[in-house]
K.L.:
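Below you'll find the structure I mean.
A, B, ... follow the sequence lines: proteins, then strands. Residue 1 opens every chain.
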Protein chains: 2
Amino acid sequence: MEELSAVDGLAQLSFLLQRMLERRAGEHDLSIIQTRLLGVLRDRRPTINELGRLLGLDKSSVSGLVERAERRGLVARSPSPADGRSVLVTLTDSGRALINGAAAQFEGDVTGLLEHLPASERHALTRVVSRLLVAHAAAEGVELFPGR
Amino acid sequence: MEELSAVDGLAQLSFLLQRMLERRAGEHDLSIIQTRLLGVLRDRRPTINELGRLLGLDKSSVSGLVERAERRGLVARSPSPADGRSVLVTLTDSGRALINGAAAQFEGDVTGLLEHLPASERHALTRVVSRLLVAHAAAEGVELFPGR
DNA sequence: TATTGTTATACTCTATAACTATA
DNA sequence: TATAGTTATAGAGTATAACAATA
């Protein structure tokens with residue numbers, strides 16, 4: 001059986017997963033970046049600036065992103081008690097329901113994908129991918145688990 | 001050592017690879033979709049319609065995409081000899097040099113990432129990812145190697 | 001003075017709908 | 001009539017620069 005190179009295989013896998021995510025997000029009228037925004041807010045209440053750091057965007061881009069999500073009732077802005085210049089962004093109940101549903105569907109997709117493998121290979125994949133991410137995070141000096 | 005779930009690990013790996021690709025593309029002032037356009041043209045001379053199918057875009061989106069790439073001298077349009085309504089899109093020498101350089105850099109990034117693993121695990125990863133993609137392609141009824 | 005967030009501006013990317021020119 | 005491609009239009013997403021409010 002033909003085998004892809006390591007680079008090609010990982011690249012194709014990455015595109016496949018992104019397509020799965022995009023499709024599920026699209027079913028809820030969410031873009032990938034809106035999905036990431038809601039995902040980040042599941043366990044945080046960040047300022048606009050912090051969101052920019054978490055998502056890798058300029059604060060002006062975050063401003064517009066949050067504005068559009070707020071218009072749809074998915075997030076809310078509230079003034080920061082600690083700093084009068086800052087704004088805290090939070091998920092609304094509706095936003096939380098939406099992201100939880102989309103995340104569950106995506107997890108189902110990936111689980112379904114992995115069912116093509118025998119259990120032993122599935123476990124091997126999980127273990128090796130974990131090690132790879134941990135080693136990469138260590139090399140970059142980034143903490144893996146608090147990040148997103 | 002803490003281990004990520006299969007779904008989380010694959011999702012994070014996918015985002016990591018996309019960030020690597022985006023960074024390298026950005027160094028050449030390319031977006032991911034422009035990079036994919038040039039990549040597709042490396043071994044094809046498609047019409048606008050075929051590009052739409054390959055990239056998953058509407059023909060009007062492809063029209064603009066090609067227009068911007070042409071303005072930068074990366075691709076060229078030529079009339080189809082077979083059908084007077086069609087246009088064939090080809091890579092210019094400059095476009096080919098650009099995509100080859102970016103692809104080589106990205107491959108270097110992924111190779112560097114994989115060097116965090118001992119050779120035995122690297123080979124295991126390659127083999128399992130290959131099988132996963134082959135099984136998924138078979139399940140979807142798609143040929144893996146001609147596609148992009 | 002420095003920082004936080006918003007706004008104005010400009011560009012890429014995308015889809016839908018209307019158009020033209022071929023077939 | 002049907003298809004290939006372009007264009008007009010509208011909107012999301014992004015960054016830079018300028019700004020107001022607060023620190």
K.L.:
Is the phosphate of dA2(C), meaning OP1 or OP2, less than 4.0 Å from a side-chain N or O of Arg85(A)?
P.N.:
no

K.L.:
Can you check whether Ser31(B) has a side-chain N or O nearer than 4.0 Å to OP1 or OP2 of dC13(C)?
P.N.:
yes

K.L.:
Would you mind reading off the distance between Glu22(A) atom CD and dA12(D) atom P, rounded to a whole angstrom?
P.N.:
16 Å

K.L.:
In whole angstrom, what separates Glu67(B)'s CD from dT14(C)'s C1'?
P.N.:
15 Å

K.L.:
For Ile48(A) and for Arg68(B), find the nucleotide of DNA chain C with the closest heavy atom, then tell me which residue's nucleotide is more 5'.
P.N.:
Ile48(A)

K.L.:
Which nucleotide in the list dT12(C), dA4(D), dT14(D) gets nearest to the side chain of Ser86(B)?
P.N.:
dA4(D)

K.L.:
Could you check Ala82(A) against Asp58(A) and say which one's nearest nucleotide on DNA chain D is further toward the 5' end?
P.N.:
Asp58(A)

K.L.:
Does Arg23(B) qualify as a cation-pi partner of Phe106(B), given the criterion of NZ or CZ under 6.0 Å from the six-membered ring centre and within 45 degrees of its axis?
P.N.:
no

K.L.:
Tell me the closest heavy-atom pair linking Ala103(A) and Arg42(A), and the distance in Å.
P.N.:
CB-NH2, 3.7 Å

K.L.:
Should Ile99(A) and Leu88(A) be regarded as members of a common hydrophobic cluster, given that ILVMFWY residues are connected when their side-chain heavy atoms come within less than 4.5 Å of each other, either directly or indirectly?
P.N.:
no

K.L.:
Give a yes/no on whether any side-chain N or O of Asn49(A) is located under 4.0 angstrom from OP1 or OP2 of dG5(C).
P.N.:
yes

K.L.:
Between atom CG in Leu57(B) and atom C1' in dG5(D), what is the gap in whole Å?
P.N.:
15 Å

K.L.:
With hydrogens left out and only the distance checked, is there a donor-acceptor pair under 3.5 Å joining Ser60(B)'s side chain and the base of dT14(C)?
P.N.:
no

K.L.:
Please give, in whole Å, the distance from dA15(D) P to Leu65(A) CG?
P.N.:
10 Å

K.L.:
Given side chain to side chain donor-acceptor pair (under 3.5 Å), test Asp58(A) with Ser60(A) step by step and report yes or no.
P.N.:
CA-CA 5 Å; Asp58(A) 187 82; Ser60(A) 66; 2.8 Å; yes

K.L.:
Hey, is the side chain of Ser61(B) poking within less than 4.0 Å of OP1 or OP2 on dA15(C), counting only N and O atoms?
P.N.:
yes

K.L.:
Picking from dG5(C), dT12(C), dC13(C), which would you name as closest to the side chain of Arg71(B)?
P.N.:
dT12(C)

K.L.:
When the nearest nucleotide of DNA chain D is assigned to Leu30(A) and to Lys59(A) on a heavy-atom basis, which residue is associated with the more 5' position?
P.N.:
Leu30(A)

